[in-house]
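Worksheet: one structure, shown below.
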Amino acid sequence: MPTSVPRGAPLLLPPLLMLSVVLAVPLDRAAPHQEDSQATESPDTGLYYHRYLQEVINVLETDGHFREKLQAANAEDIKSGKLSRELDFVSHHVRTKLDELKRQEVSRLRMLLKAKMDAKQEPNLQVDHLNLLKQFEHLDPQNQHTFEARDLEMLIQTATRDLAQYDAAHHQEFKRYEMLKEHERRRYLESLGEEQRKEAERKLQEQQRRHREHPKVNVPGSQAQLKEVWEELDGLDPNRFNPKTFFILHDINSDGVLDEQELEALFTKELEKVYDPKNEEDDMREMEEERLRMREHVMKNVDTNQDRLVTLEEFLASTQRKEFGDTGEGWKTVEMYPAYTEEELRRFEEELAAREAELNAKAQRLSQETEALGRSQDRLEAQKRELQQAVLQMEQRKQQQQEQNVPPSKPEGKLQFRADTGDAPVPAPAGDQKDVAPEKKAAEQPPELPQLDPQPL
């Protein structure tokens with residue numbers, strides 16, 4: 001279990017928390033009592049190498065020397081790669097585990113590359129794994145068997161960069177989602193008759209009106225928003241709101257900071273004012289975009305050192321600003337800010353049209369290839385039937401020839417062989433030759449010797 005932060009004591013970054021700051025992977029404050037302790041769980045970062053990242057951190061957490069050096073390091077030491085050189089001094093057992101993790105990751109990446117090649121219908125293509133592995137920047141592809149300081153340095157730098165770009169990529173994905181939704185809506189309206197189109201547009205406007213009719217949404221991180229959580233979720237008196245107590249209550253894992261997941265949990269009440277999964281006019285994809293916008297707003301105004309974590313000092317300092325109590329008209333939800341322009345939508349539709357034309361051409365080629373394969377199959381079947389017929393005819397002729405060459409079944413047609421040679425035929429016994437022709441009998445009898453008259457010597 002994580003240890004709680006002592007009240008009144010200065011907050012110290014726990015072992016490996018600095019690394020979790022850089023990698024946005026929250027770790028357990030307490031050091032494991034043994035190397036086989038249960039691995040620390042963390043939320044999914046969204047990175048395709050998240051599991052590898054988490055397992056490397058869990059293994060490093062078991063080495064006392066590395067934890068000690070990390071305790072004295074700062075964020076710049078970690079990002080610059082200075083801390084990575086301490087990997088040379090970790091225990092052999094830890095290095096062995098790291099080597100195995102890297103070999104498993106390289107094997108996984110190779111499988112991904114092979115699946116990608118197979119998807120492109122290039123199963124016989126010779127794959128240069130070394131060059132292809134270079135596209136993965138979270139490990140050193142030159143050394144595919146051991147985990148070295150260079151691997152840790154690349155893992156930290158790549159994760160730092162990728163996580164910084166993650167939110168931007170999410171916003172771009174949401175924009176494309178909204179444009180696709182509008183594109184499909186317009187195509188649907190174009191397919192309707194005039195009266196049906198008017199009815200569909202009226203229904204859409206009614207849905208938009210109902211969606212906009214919701215209670216005021218408080219600005220994330222403002223006093224009004226935090227007090228609402230304090231009263232309705234925590235069940236405490238709003239007149240006795242205390243920022244420090246609020247921070248400790250919502251530091252769920254008691255690691256001394258509010259991470260992104262803990263912050264987003266504070267916005268659930270505000271999001272429920274606008275989005276209800278039971279209402280067809282409320283888009284849950286838009287709700288997740290709204291949650292991301294709220295978290296970014298708080299991080300921008302509260303996370304002064306931009307390490308993706310909010311410390312107690314940063315949180316308390318934000319409650320002293322003027323903006324904390326002055327929320328104005330409240331939070332403007334995502335539908336009040338168009339996600340795209342008409343020009344962006346036009347280019348997006350052109351891209352869709354080009355992709356659709358490409359897919360249609362590919363489908364036509366596949367159809368033609370299928371027809372050609374069908375014709376080839378028919379020819380092969382015809383050839384197969386011809387071969388079967390030819391084989392059958394040959395078998396019949398062979399059987400006829402065998403029947404013609406079979407000797408008569410009568411006794412006189414049998415031949416006997418001597419036991420000593422097995423190959424010299426002899427005539428049948430005399431008792432069996434009573435019906436043999438006289439000419440054949442004469443031919444078979446030995447010639448008589450001539451009779452000589454006796455002469456006196």
Side-chain angles (χ1 to χ4, degrees), residues 2 12-42 45 47-110 129-164 255-257 305 307-309:
L12 298 176
L13 287 178
L16 282 189
L17 182 56
M18 294 291 293
L19 187 57
S20 73
V21 167
V22 176
L23 302 183
V25 180
L27 298 176
D28 194 337
R29 284 175 53 88
H33 297 288
Q34 57 183 4
E35 292 186 351
D36 295 331
S37 62
Q38 185 177 0
T40 305
E41 296 294 333
S42 70
T45 59
L47 302 175
Y48 68 90
Y49 50 90
H50 168 80
R51 181 176 179 179
Y52 174 65
L53 171 66
Q54 179 65 66
E55 290 176 341
V56 168
I57 292 176
N58 288 338
V59 171
L60 288 173
E61 192 181 17
T62 64
D63 186 81
H65 171 81
F66 194 85
R67 293 178 66 91
E68 179 182 351
K69 293 297 181 180
L70 184 59
Q71 184 73 49
N74 54 39
E76 187 59 33
D77 291 338
I78 297 175
K79 292 180 181 181
S80 65
K82 180 179 179 181
L83 182 68
S84 302
R85 292 192 288 271
E86 296 297 330
L87 189 68
D88 295 333
F89 303 100
V90 301
S91 66
H92 175 73
H93 182 59
V94 170
R95 290 298 296 269
T96 302
K97 285 187 175 181
L98 292 173
D99 292 345
E100 179 61 25
L101 288 178
K102 182 175 181 181
R103 286 191 290 268
Q104 292 176 1
E105 179 69 0
V106 170
S107 177
R108 183 183 73 89
L109 295 178
R110 286 177 173 174
H129 286 101
L130 179 58
N131 285 328
L132 290 174
L133 284 172
K134 290 180 180 178
Q135 64 184 296
F136 303 109
E137 300 178 357
H138 63 287
L139 49 75
D140 182 8
Q142 299 295 335
N143 177 13
Q144 302 179 20
H145 304 287
T146 59
F147 189 96
E148 305 295 340
R150 176 62 176 162
D151 291 290
L152 181 59
E153 180 181 354
M154 294 181 68
L155 181 61
I156 293 173
Q157 293 175 351
T158 304
T160 303
R161 182 200 63 210
D162 291 348
L163 287 169
D255 61 359
V257 294
N305 64 354
D307 61 3
R308 304 175 73 93
L309 296 172

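Leu87 and Phe66 get closest at one heavy-atom pair: N-CE1, 4.5 Å. Here the shortest heavy-atom pairing between Asn305 and Leu309 reads OD1-O, 4.4 Å. The shortest heavy-atom contact between Ala149 and Ser84 is CB-O, 3.3 Å.
For the pairing with Val56, the side-chain contact (heavy atoms from CB on, under 4.5 Å) check across Leu53, Val59, Leu60 returns one residue only, Leu60.
For Asp99, there are no side-chain hydrogen bond (donor to acceptor under 3.5 Å, both in side chains) partners, not counting sequence neighbours. Partners of His92 according to the side-chain contact (heavy atoms from CB on, under 4.5 Å) rule, which considers only residues two or more places apart in sequence or in another chain, are Thr96. Legend: residues meeting side-chain hydrogen bond (donor to acceptor under 3.5 Å, both in side chains) with Asp140, ordered by chain and number and at least two apart, are absent. With sequence neighbours left out, Gln104 forms a side-chain hydrogen bond (donor to acceptor under 3.5 Å, both in side chains) with Glu100. Not counting sequence neighbours, the partners of Glu148 by the salt bridge (Lys or Arg N to Asp or Glu O under 4.0 Å) test are Arg95. Shown here are the salt bridge (Lys or Arg N to Asp or Glu O under 4.0 Å) partners of Lys102, two or more places apart in sequence or in another chain: Asp151.
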**Asked** Stepwise, does the side chain to side chain contact (heavy atoms under 4.5 Å, CB included) test hold for Glu86 with Val90?
**Response** CA-CA 7 Å; Glu86 296 297 330; Val90 301; over 6 Å; no

**Request:** Take Phe147 and Leu152 through the side chain to side chain contact (heavy atoms under 4.5 Å, CB included) test and state the conclusion after the steps.
**Result:** CA-CA 8 Å; Phe147 189 96; Leu152 181 59; 4.0 Å; yes

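Between Asp63 and Phe89 there is no side-chain heavy-atom pair separated by less than 4.5 Å. With contacts defined as side-chain heavy-atom distances shorter than 4.5 Å, the pair Val94/Thr62 qualifies. No side-chain heavy atom of His138 sits less than 4.5 Å from a side-chain heavy atom of Met154. Using a 4.5 Å cut-off on side-chain heavy atoms (C-beta onward), Glu105 and Gln144 make no contact.
For CZ of Arg103, the number of neighbouring non-hydrogen atoms (other residues, nucleotides, ligands) closer than 6.0 Å is greater than 12.
Summarising the geometry, atom CD belonging to Gln157 is positioned 4.5 Å from atom CD belonging to Glu153; distances are rounded to the nearest 0.5 Å. Gln54 CD to Leu101 CG: the interatomic distance, rounded to the nearest 0.5 Å, is 11.0 Å.
Remark: the Asp162 side chain and the Tyr49 side chain contain an N/O donor-acceptor pair separated by less than 3.5 Å.
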